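Chain A is the first sequence line, chain B the second, and so forth, proteins listed ahead of strands; every chain is numbered from 1. If you're wondering where the values come from, they're calculated on a predicted model, not measured in any experiment. Just so it is clear, the values below take in all heavy atoms, side chains as well, and ignore hydrogens, waters and symmetry mates.
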Amino acid sequence: MIDITTRAQHLEKLLGAPWDAANPAGFAAVVAADEREETAPAAEAVLDEFGLLAEFVPRALGGRLDRIDHMIELMRSVYRRDPALGLARAGQLLASVNVWTAGSPEQRAAAAELLLGNRRIACAFHELAHGNDIAGNEFAARRAGSGLVLHGRKESIANLDLADALVILARTDPADGPRAHSQLFLPAGLLAPGQVRRLPRFRSVGMRGVRLGGMEVNGLPVPDGLLLGAPGTGVETASRAFQVTRLALPAMSTALLDTALRVALHHTRRRRLYGREAADLPMVRTTLAEAFADLLVCEALSRTAARALHLCPESGSVHAPAVKYLVAGVLTDAVQRLATVMGSEFYRRDGEHAVFQKIVRDVRPVGFGHIARAACLSALLPQLPGLLGRARRAPDPVPAALFTAEAELPEPDLSRLRLVAGGRDPLVSSLGTVLDEDLPAAVRPLAEEHVRGFAALCEAGAVLRPRQLSITAEVPVRELAARYTVALAAAACLGVQRAATAGEFLARPEWLQAALVRLGGMERAVPAGLPPAVEDALIEELLHRDDHNLSFGLTGRPYA
Amino acid sequence: MTTYGFDRAAPSEIQSWLVERLAEYLPDLGEAVDPHRQLGEYGLDSITVVAFAADVEEQLGIPVDPTAIWDYPTVSELAGYVADELAGRRPQAA
Ligand SMILES: Cc1cc2nc3c(=O)[nH]c(=O)nc-3n(C[C@H](O)[C@H](O)[C@H](O)COP(=O)(O)OP(=O)(O)OC[C@H]3O[C@@H](n4cnc5c(N)ncnc54)[C@H](O)[C@@H]3O)c2cc1C
């Protein structure tokens, strides 16, 4: 097994220097491809050469997936160049996690073989008429003799026209209810033109290079053996398997902020205004420092939650929607603020910074694609009373490997993912003992503020009534779920700093101060500013990484 | 650790406890929950089912996955399931 550092460096080398206008996988090529609503062909070829899809295939099936945090990290290299290039590949993770979770040994082997051969598996779940309400899906697989007959429409499916196979969510029971749907894993060759009409490609504002297709199926017979898992388990399988993707996709997307920050630095360090670098203007400096802090918050939460999928998979039903909600929100806001310091340069579709306007468009689907942020709060809310109650009474023990820099992790076991956490959340539990730790003096008041905030949340949770938790929950009640995600992120940042190797940037208190201030601001209407010394430390690190071509997230890896 | 307001060995008592508990989730229901009617017919959405399952798990101290409610979709069937779980007559839910 080749370690993550070697793999990431190899991929970076293949992708080449991002700013080089002659690099067919660089920013210029990526923007030109986006104008054609494509991904750069040379970049696609690099990913095939690297065998990127093997990163999604479990080791037992011949792939390289043994750590979800590493898979995410590697995918960030792709997303940093072009988020559409990343999503067009990561979209196949949506299909394959369902196969790894519920497939028969033959189905798992077949899916692995496709991905290892650089072929595509589309995930055909979405129906425009039902949006996030997948249990409302109507695409039907009706029993007919010993087989099934398919009817219905599916829209906005990534890679549908290129796919060799599909995972489809279909209604197998006309009566409503959570057992009404099943999943099918079907070779694309079965989509006979006589019964399947391909819908025109969907055109989108962002992620333009992702080919979104649709199909209308009218009486297509397929064999019964294509069912993925037992009949009626389609929604259940998705609810478990998608914990991986609802966490991993936003986690990969932190690379959009890395690129936005890189371009903003590139521009404002060269732009001279009023006799100085624009990057030296206090307003610009603050925006850059805050965006850096926001990126570290997103990566700390997503890395910890990804490790939790290995260490305490039963908490995935809480962590996955929490990551999606918080990370998508923070990324979108941070990119928006950076657009303001880009000024008119942000608006340009040509020139060396044109990739910025693409990032501004590409970041939007992080908030609604796969599942809406709002739906994530709806998913968290019914779990809150149990989570908050348990956090007060009997906090769960915290596995050290959640935070340690080079933690050893057991291989992921998707069969241990549950629909609910049963109140168990070791990450949030870690807030319980944080004040007993040897905290840097400057961090302590901020940590105390978060611990107090969480205690107040627990009080609010204790008086929640069942009827307040449904899909029609009022906004102030849903806010409690949002505050829970802030507590998780604070716990993750505290843990990451505590476990960092002495002498490294992550072991320093400044970024943690910044992170806790930013998170504190999400609980109040008016965010506090960063102390000047903290801002200085962040800017110094940012410039150092920019000068040395290092990535801006937790790991600061060499970036080609 | 858990205090029950009913005899945990008697499915009928579990059933009436579940009926009362469920009423908390259905504030607009003018009548008592019919133990033999499908919960879906009461408009119990998937989100509420998660809350209800977590609640029953919390109160009874046994694991109750929402799938248990999917598979035993009336109060009467659910009471039978819960009684078996409490009596340890069933292998642990997966
Ligand atoms: C680039 C891209 C790639 C995609 N790839 C695929 C793919 O490969 N396969 C696939 O199946 N689909 C794919 N999709 C579709 C995607 O999954 C849908 O966009 C998604 O299901 C959201 O549906 P919707 O936007 O219609 O939201 P709707 O469900 O119509 O939601 C509208 C709004 O209602 C509110 N809302 C919705 N649900 C809730 C809730 N539970 N609680 C509270 N408020 C709520 C929210 O404010 C939400 O934003 C892709 C989309 C994009 C943009």
### Query
So which bits of residues 25-45 of chain B come within less than 4.5 Å of chain A, counting non-hydrogen atoms only?
B:Y25, B:P27, B:D45
### Query
What's the spacing between B:W70 CH2 and A:T233 OG1 if we round to 0.5 Å?
9.5 Å
### Query
Got more than 12 heavy atoms from elsewhere within 6.0 Å of CZ, A:R478?
yes
#### Entry: Winner by heavy-atom pair count (cut-off under 4.5 Å) against chain B, out of A:R179, A:R465, A:E236
A:R179
Least distance between heavy atoms, [X] atom then [Y] atom:
{"X": "A:S378", "Y": "B:I47", "answer": "O-CG2, 3.4 Å"}
{"X": "B:A54", "Y": "A:P382", "answer": "CB-O, 4.4 Å"}
{"X": "A:P466", "Y": "B:R21", "answer": "CG-NH2, 4.2 Å"}

### Query
Relative to chain A, which segment of B:E24 carries a heavy atom at a distance below 4.5 Å: side chain, backbone, both, or neither?
both
### Query
Side chain, backbone, both or neither: which part of A:A135 has a non-hydrogen atom closer than 4.5 Å to chain B?
neither
### Query
Tell me, side chain or backbone of A:P385 under 4.5 Å from chain B's heavy atoms, or both, or neither?
neither
#### Entry: side chain to side chain contact (heavy atoms under 4.5 Å, CB included), paired with B:V50, selected from A:L419, A:L381, A:V420, A:L380
A:V420
### Message
Counting heavy-atom pairs closer than 4.5 Å to chain A, which one of B:V49, B:D71, B:V64 comes out on top?
### Response
B:D71
